[in-house]
Engineer: 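Quick one: the structure is below, and I'll ask about it shortly.
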Amino acid sequence: MQRSPIIILFLFLFLLPFVCCQKEAKTIEKNFSPSAKYQLAAKLSASADSYFKTAKFDSAFFNYNKSKELFKEEKDSTFTAYNLIKLAKIQQIFGDYTSCEETLTEALDYSKDKPEYLLAIHNLLGITSKELKNYEDAIIYYKIVLNKIQQEHLKVIPLNNIASVYIEQKKYSQAILLLEPSLQTDILDSHPKTKAILMDNLGFAYSKNGESKKGLSLMNKALAIRVQTNDSYGNISSYLHLADYYQDIDSQKSNKNAVLAYQKATQTKSIDEQLQALSFLMLNNPQKGQNSSAQLFVNLNDSIKKVRNNAKNQFAKIKYDASKATLENIKYKEERSEIALQLQTKKNQTYLFGFGFLLLLITIIFLVHYFKNKNKQARLQASYSTETRISKKLHDELANDVFYAMTFAETQDLQNPLKKETLLDNLDKIYKRTRNISKENSPIDTGENFVFNLKQMLNSYKSNTVEVIIKTQNPIDWSQIEDNKKIAIQRVLQELMVNMKKYSQANFVVIGFDSNQNSLLIDYSDNGIGFSEKLILKNGLQNAENRIHAINGLLTFDTQTHKGFKAKIIIPN
């Protein structure tokens, strides 16, 4: 079942000596003390080598695979790669080229610093690609091998392999260009079997390229060398090439060579070559009716398919069982680690719970203390702001009016009806101012009378020169508005109206109320002169902003000099 003598030669020249050297190096290395697992892996690999030599490929495959897994655990890339290469070779022998390609790809990861292994892997990849009809890939792999070989006399091996691909592609002239100079190498005289391979392939290429006599001569010379050197496998190749050569010239000679090829292939148990020989006999058989060669071909082909399929399934099962055992071992280790981790986690959780509880207690105490102080400061600041505002109103408005009334009463004749009426008017104004100050700072009724009181407060700023309009677009359910929000709304609108009265010189004010699913919306606008942000903050609206922010609302100002003043309040429900 061997694929090509070139492969055996290649592995012999590069791979096996390197592995032997590695084994010796491991043995004499002073600081190297192999573990029990390592020793078992080495023993399994050696046992697999013995099975491989005696063609007991199922046992070889099992031991190589087990050895590979153990060497992986020991992190020995050298012997992991070696086992993978041997596994790939067995898969190739049984025609499982797809699995072979996967195994070789895995082997590349363990062979990056091992040039001899890389040569073997790429050469096997070339064979696999050729058998899968991926000719361009095969040539790429063979060229990699060619470029990596340092010894000139060994370059004939990949050159022959590339030429064999060209022959498969029927690019005979390209094959000839490679093989002709390769045959001139003097070193081939001491390697007659290799020389016969190149000579036979070159002769076959000549015969297909229109140089029949030249080609036949070389193929006969190659056959003579193979008979002389007792190269049984090489004889098969020569006979098959001659059977192909004579197929359209002399069917009897073609049959003769096909029979010889079949006999030699049977002796060497080369199934593929047996099938190829039988195919010539089928085509050359002029008899009608039952064709014995055809029947033999069908039986043999069915048999080899069954054997190879069984082997593929068996090898796949071996890999599956090994992977399953590895996973179960990993799972067992993970379970033990998980139990230990759970115990440690419980212990840590106990510590964390105690620490977390203590931290939470400290945090709660701190937050209670912080918010108590903050609320206290806020209340003090609010009281201070209220006192300051009342004091300012008393000083700026009420005190001046009282002083004027007192002066008027002292200096004027109150017996005069006109003078008396003037004094009474002044006292009435003082009374109204006092009442307004009282209303501005009195507690706000947030119950059923809230809306009435709010509108009354806004309408109180109406006069002969100022018109106040209140609009409501969508109905507002004030009973669903929180008390602290109602208080903030009334105080802020009051601040806006006071600022309008004192600074804006407006004669028209519109206050609109609206609501949606998420918010309460209040729009304020007047046609006054407008005022700068600096003046706003200076004259009381900073308190308005603070009040709205305290209830998570938003207060925005839109003011331009001589273009009026607008404010928008958004309060979440």
Side-chain angles (χ1 to χ4, degrees), residues 3-7 126-127 129-143 146 155-185 188 193-227 231 233-262 264-265 270 272-285 293 297:
R3 277 274 161 249
S4 170
I6 290 292
I7 304 307
I127 301 291
S129 297
K130 179 185 174 185
E131 295 297 333
L132 291 171
K133 309 299 181 185
N134 298 327
Y135 296 123
E136 298 303 324
D137 289 346
I139 290 173
I140 290 171
Y141 289 129
Y142 286 141
K143 285 184 176 179
L146 181 64
K155 289 183 180 289
V156 296
I157 298 171
L159 285 171
N160 175 78
N161 290 339
I162 295 171
S164 68
V165 177
Y166 286 143
I167 291 171
E168 290 278 346
Q169 294 178 296
K170 298 184 179 180
K171 297 178 180 179
Y172 304 114
S173 57
Q174 290 179 250
I176 291 168
L177 288 175
L178 287 178
L179 293 170
E180 276 184 334
S182 298
L183 268 176
Q184 308 304 319
T185 307
L188 291 179
K193 290 185 179 181
T194 304
K195 185 175 183 178
I197 293 170
L198 271 67
M199 190 178 291
D200 184 45
N201 284 337
L202 180 59
F204 185 72
Y206 276 139
S207 69
K208 291 292 186 180
N209 203 44
E211 300 179 75
S212 299
K213 290 184 179 179
K214 192 174 181 179
L216 181 60
S217 175
L218 281 172
M219 285 189 287
N220 283 328
K221 287 180 181 179
L223 177 59
I225 293 173
R226 284 166 164 169
V227 171
D231 184 0
Y233 191 92
N235 287 340
I236 300 171
S237 181
S238 287
Y239 290 137
L240 289 173
H241 278 168
L242 289 168
D244 186 284
Y245 175 81
Y246 285 116
Q247 188 173 20
D248 297 326
I249 301 172
D250 188 334
S251 60
Q252 288 186 350
K253 287 185 178 181
S254 179
N255 278 343
K256 179 182 176 181
N257 283 287
V259 169
L260 290 170
Y262 179 76
K264 289 290 184 182
S270 302
D272 289 323
E273 285 72 15
Q274 289 181 53
L275 292 172
Q276 195 173 350
L278 287 172
S279 67
F280 282 119
L281 291 172
M282 284 190 297
L283 293 172
N284 294 333
N285 193 343
S293 297
F297 180 90

Engineer: Where is the tightest heavy-atom contact between Ala222 and Ser238, given as atom of each residue plus distance?
Structural biologist: C-OG, 4.3 Å
Engineer: Within the 3.5 Å criterion, strictly below it, is a donor on Gln252 or Tyr246 matched to an acceptor on the partner's side chain?
Structural biologist: no
Engineer: Any idea which heavy atoms bring Leu188 and Leu183 closest together, and the distance?
Structural biologist: CD1-CA, 4.0 Å
Engineer: Look at Asp200 together with Arg226 and state whether they make a salt bridge at an N to O cut-off of under 4.0 Å.
Structural biologist: yes
Engineer: Rounded to the nearest 0.5 Å, how far apart are CG of Leu223 and CG of Leu218?
Structural biologist: 12.5 Å
Engineer: Could you check whether any side-chain N or O of Ser182 sits under 3.5 Å from a backbone N or O of Leu178, counting only pairs where one atom can act as donor and the other as acceptor?
Structural biologist: yes
Engineer: Ile236 versus Tyr262: any side-chain heavy-atom pair under 4.5 Å?
Structural biologist: no
Engineer: Check whether any side-chain heavy atom of Ile139 lies under 4.5 Å from a side-chain heavy atom of Gln169, and answer yes or no.
Structural biologist: yes
Engineer: Can you list the residues that meet the side-chain hydrogen bond (donor to acceptor under 3.5 Å, both in side chains) rule with Ser254, with sequence neighbours excluded?
Structural biologist: Asn284
Engineer: What are the two closest heavy atoms between Ala205 and Ile176, and how far apart are they?
Structural biologist: CB-CG1, 3.8 Å
Engineer: To the nearest 0.5 Å, tell me how far Ser164 OG sits from Ile197 CD1.
Structural biologist: 10.5 Å
Engineer: What distance do Met199 atom CE and Met219 atom CE have between them, rounded to the nearest 0.5 Å?
Structural biologist: 12.5 Å
Engineer: Work out which heavy atom in Pro158 is nearest to a heavy atom in Tyr142; give both atom names and the distance.
Structural biologist: CB-O, 3.7 Å
Engineer: Would you call Leu159 and Leu179 a side-chain contact if the rule is heavy atoms closer than 4.5 Å?
Structural biologist: no
Engineer: Output every pair passing ring-ring contact (aromatic ring centres under 6.0 Å, His included) with a member in residues 204-224, not counting sequence neighbours, ordered by first then second residue.
Structural biologist: Phe204-His241
Engineer: Looking only at non-hydrogen atoms, find the nearest pair between Leu240 and Gln276 and report the distance.
Structural biologist: CD1-OE1, 3.6 Å
Engineer: Are the side chain of Asp231 and the backbone of Val227 linked by a donor-acceptor contact shorter than 3.5 Å?
Structural biologist: no
Engineer: How long is the gap from CG on Asp250 to NZ on Lys256, to the nearest 0.5 Å?
Structural biologist: 10.0 Å
Engineer: Are Asn161 and Tyr141 side-chain neighbours, meaning at least one heavy-atom pair lies under 4.5 Å?
Structural biologist: no
Engineer: Return the set of residues passing side-chain contact (heavy atoms from CB on, under 4.5 Å) with Asn220 (not counting sequence neighbours), or none when no residue passes.
Structural biologist: Leu216, Leu242
Engineer: Given 3.5 Å as the limit, does a donor-acceptor pair link the side chain of Asn134 with the main chain of Asp137, or not?
Structural biologist: no
Engineer: Under the rule for salt bridge (charged side-chain N to carboxylate O under 4.0 Å, His left out), what residues qualify as partners of Lys195, not counting sequence neighbours?
Structural biologist: Asp189
Engineer: Which atom pair, heavy atoms only, marks the closest approach of Ala277 to Ala258?
Structural biologist: CB-O, 3.4 Å
Engineer: Are Ser129 and Tyr135 close enough that some pair of their side-chain heavy atoms sits under 4.5 Å apart?
Structural biologist: no
Engineer: What's the separation between atom OH in Tyr233 and atom NZ in Lys264, rounded to the nearest 0.5 Å?
Structural biologist: 14.5 Å
Engineer: Once rounded to the nearest 0.5 Å, what's the spacing between atom NZ of Lys130 and atom NZ of Lys133?
Structural biologist: 8.5 Å
Engineer: Return the set of residues passing salt bridge (charged side-chain N to carboxylate O under 4.0 Å, His left out) with Asp244 (not counting sequence neighbours), or none when no residue passes.
Structural biologist: Lys208
Engineer: A quick test of your reading: do over 12 heavy atoms of other residues, nucleotides or ligands sit less than 6.0 Å from NZ of Lys155?
Structural biologist: yes
Engineer: Which residues satisfy the side-chain hydrogen bond (donor to acceptor under 3.5 Å, both in side chains) test with Glu211, sequence neighbours excluded?
Structural biologist: none
